Protein chains: 2
Amino acid sequence: MFAALGDETRLALVARLCAAGPLSTARLAEGAAISRQAIAKHLEVLAGAGLVRRGEGGPGRERRWEIEPRRLDEARRALEQISRRWDEALERLRAAVEEEP
Amino acid sequence: MFAALGDETRLALVARLCAAGPLSTARLAEGAAISRQAIAKHLEVLAGAGLVRRGEGGPGRERRWEIEPRRLDEARRALEQISRRWDEALERLRAAVEEEP
DNA sequence: TACACCTGCAACCTGGAGGTTGCACATGGC
DNA sequence: GCCATGTGCAACCTCCAGGTTGCAGGTGTA
């Protein structure tokens, strides 16, 4: 999942989908400097990581993509857990140093 | 920065440094299945992203690496900002839909 | 019907990330 | 002094992520 967010193009896609709401592949490719298929591949990757979902977009020809905000929360929580472990480790080190002499 | 956390090996390194406190390259390479130089390269990348810092480790031969917890907070804040933008976009969409008819 | 879009699939190319090996240098213990 | 250990640098290899091109299939609109 961090790997999915790690690519700048994909991070920009996520940000844009967040700011503008659900958009189709073609619409997302309009502004970008790369081809529509490249965008589509990135969206595949984001979908694989659960960060994005294909909206139905009606039975018609347009299929819009939308953000899955739960995954962003999960990522945030993972970072919180890691930094909490860091604090605990520091505390343990401090205690060990104070006991030793 | 997300790219730095995106690699599994590097994420494991960060988690391990958080759990066990500052460690030297050789110590980190002991358990891993890859060579010491590979670990060193990953640590370079993490340092380039500001997620990790070279401790002095005395003037001696050991140089330990330690976590830079501020960067983890920054990453968390970035995710918060993105998901907040998403909520705002949803709100705007809702308002637009209600006004149209 | 014909035309204009939007989409999906597959083959193909290329640069750089991830990894290894080999060597040289410094430091600490005997 | 000698050896073990921790480190840094550089050349080299391999593979896949990111990107492109080309084509075929659906779906609205005139």
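The sequence lines fix the lettering, A, B, ..., with proteins before strands; numbering per chain opens at 1. Computed from a predicted structure; not experimentally measured.
- Using a 4.0 Å cut-off on heavy atoms, the residues of residues 10-29 of chain A that approach DNA chain C are Ser24(A), Thr25(A), Ala26(A), Arg27(A), listed by number.
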Per-nucleotide protein contact string for nucleotides 10-16 of chain D (B base, S sugar-phosphate only, - none; heavy atom under 4.0 Å)
-------

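- If you take CD of Glu44(B) and P of dG19(C), they are 15 Å apart, rounded to a whole angstrom.
- With hydrogens and angles ignored, the 3.5 Å screen pairs a side-chain donor or acceptor of Arg10(A) with a backbone N or O of Ala4(A).
- Contact between the side-chain N/O atoms of Ser35(B) and the OP1/OP2 oxygens of dT20(C) is found at a separation under 4.0 Å.
- Ionic pairing of Arg76(B) and Asp73(B) is present here: one or more N-O contacts between side-chain nitrogen and carboxylate oxygen are shorter than 4.0 angstrom.
- Contact annotation: His42(A) does not reach the phosphate of dA17(D) (side-chain N/O to OP1 or OP2, under 4.0 Å).
- Under the salt bridge (charged side-chain N to carboxylate O under 4.0 Å, His left out) rule, Arg54(B) has a single partner from Glu62(B), Glu68(B), Glu44(B), which is Glu44(B).
- For the pair Arg63(B) and dT27(C), the criterion of a side-chain N or O lying under 4.0 Å from OP1 or OP2 is not met.
- The heavy-atom pair separating Trp86(B) from Pro69(A) by the smallest distance is NE1-CG, 3.5 Å.
- Closest contact between the side chain of Ala38(A) and the listed nucleotides dT20(D), dG8(C), dG19(C) involves dT20(D).
- Between the CH2 atom of Trp65(B) and the C1' atom of dG6(D) there is a distance of 13 Å, rounded to whole Å.
- If you measure from atom CD1 of Ile34(A) to atom P of dT20(D), you get 6 Å, rounded to the nearest angstrom.
- Taking atom CD1 on Ile39(B) and atom P on dA17(C), their separation rounds to 18 Å, with Å as the unit.
- Atom-to-atom, CD of Glu30(B) to P of dG6(D) comes out at 7 Å; the value is rounded to the nearest Å.
- Donor-acceptor pairing under 3.5 Å is recorded for the side chains of Trp65(A) and Thr25(A).
- Within the model, atoms CG of Leu72(B) and SG of Cys18(B) stand 6.0 Å from one another, a figure rounded to the nearest 0.5 Å.
- Proximity of a side-chain donor or acceptor of Arg71(A) to a complementary backbone N or O of Ala49(A) within less than 3.5 Å is detected.
- Proximity of a side-chain donor or acceptor of Arg16(B) to a complementary backbone N or O of Leu28(B) within less than 3.5 Å is detected.
- For Glu80(A), the CD atom is densely surrounded, since the number of other residues' heavy atoms within 6.0 Å is greater than 12.
- What separates CZ of Arg36(A) from C1' of dG22(D) is a distance of 11 Å, to the nearest Å.
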